Amino acid sequence: MAIQWFPGHMAKARRQVTEKLKLIDVVIELVDARVPQSSRNPMVDEITAGKPRLIVLNKADMADPVVTEAWLRALKREEVEVVAVDAKHSKGLKQLITGAQKLMKEKHDRMREKGRNPGPIRALIIGIPNVGKSTLINRLAGRNIAITGDRPGVTKRQQWIKMKGGEMELLDTPGILWPKFEDQLVGYRLAATGAIKDEILNLDDIALYTVRELHARYPEQLKERFKLETLPEDGVELLELIGKKRGLISGGYVDFEKASELLLNELRHEKIGRISLETPADHEMA
Ligand code: G4P
């Protein structure tokens, strides 16, 4: 799913999240582990201010584990816990619950001292489209629930979804935030990982950005996947070489569009390996 966000949508999404914040103890902010900064909403700190937050680097199975470790360290701060999970295969869910419990520990200890039962932690999952919100809710619930976003004009009673172990309850409609499209690099990173549709940006440009990034960050994987002995410095030449290797020739020339599609397809289906397209150092956070 890709959404075109306009100022009206943003104001509405923000209002909906703000209203839900009143009902919950902890915000679970889901981002894509391959692009943790680009897949987060730039205003999330402000929108969720005052609530303990658990940042979940989802799709960790597809990301470079070394880079994910660096992100876990870089994003951690007071009132914020960070965990890496693979919601699709239910990995890391225990750490997620432990993370939420850590955030609530002081408050819950105080309640217990006063003889009160804190009950389950109430949480709201938020994130931009496609980061895995529905998948995570389903895995935490231990069953498949039809999850819909908030639709304009449809007011729906909020339901709590009880988690398997009873430690947590989730609001059944996740908060959908908008990505920051104004920054072109963010757009390319989101497009390369498949978070936004290819039609939003030019396919050739996305592929060129991707091949250059792979060349800089993962040259060995690139050589291995496409059986290349050396990598041309120039992105266009490199993409053409990949097309040539795969026989994508039409009228005597490499079909650039097909080569672009092939590269992106292989990246998104993990054929090139576990790839991360941004590091804390890129954002001077390391
Ligand atoms: P959303 O609610 O935030 O919009 O995201 P959603 O759960 O619909 O997930 C978007 C896509 O990401 C789905 O793939 C889903 O299976 C995949 N996904 C979610 N979490 C993970 C994860 O931890 N690891 C991996 N590898 N993939 C994950 P899809 O292709 O749209 O659907 P499907 O082919 O899985 O049915």
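Computed from a predicted model, the values in this text were never measured in an experiment. Both ligands and their constituent atoms are indexed starting at 1 by order of listing.
Within the 4.0 Å heavy-atom criterion, the part of Asp61 lying near ligand 1 is the side chain and not the backbone. If you look at His89 next to ligand 1, there are no close heavy atoms at all, none under 4.0 Å.
For the pairing with Glu266, the salt bridge (charged side-chain N to carboxylate O under 4.0 Å, His left out) check across Lys245, Lys271, Arg225 returns one residue only, Arg225.
The two residues Asp172 and Ile137 come nearest to each other via the heavy atoms O-CD1, 4.5 Å. Smallest separation of non-hydrogen atoms from Pro36 and Leu57: CB-CD2, 3.9 Å.
When Lys91, Lys59, Arg34 are ranked by how near their heavy atoms come to atom 17 (C) of ligand 1, first place goes to Lys59. For atom 20 (N) of ligand 1, the candidate residues are Asp32, Val131, Asn58; the nearest heavy-atom contact is made by Asn58.
The side chain to side chain donor-acceptor pair (under 3.5 Å) search around Gln37 returns none, not counting sequence neighbours. For Asn265, the side chain to side chain donor-acceptor pair (under 3.5 Å) partners two or more places apart in sequence, or in a different chain, are His269.
Shown in contact with Lys133 at under 4.0 Å from a heavy atom are these atoms of ligand 1, numbered in order with element: 1 (P), 2 (O), 3 (O), 4 (O), 5 (O), 7 (O). Proximity to Met62 (heavy-atom distance under 4.0 Å) selects the following atoms of ligand 1: 26 (N). Shown in contact with Asn130 at under 4.0 Å from a heavy atom are these atoms of ligand 1, numbered in order with element: 1 (P), 3 (O), 4 (O), 5 (O), 10 (C), 11 (C).
In terms of polar-atom proximity, Ala87 is counted as a contact of ligand 1, with an N or O under 3.5 Å from an N or O of the ligand. At a 3.5 angstrom cut-off on N or O pairs, Lys88 counts as close to ligand 1. When only interatomic distances are considered, the shortest N/O to N/O separation between Gly132 and ligand 1 falls below 3.5 Å.
No side-chain heavy atom of Ile125 sits less than 4.5 Å from a side-chain heavy atom of Glu29.
A salt bridge is defined here as a Lys NZ or Arg NE, NH1 or NH2 lying under 4.0 Å from an Asp or Glu carboxylate O, and Arg139 with Asp86 fails to meet this definition.
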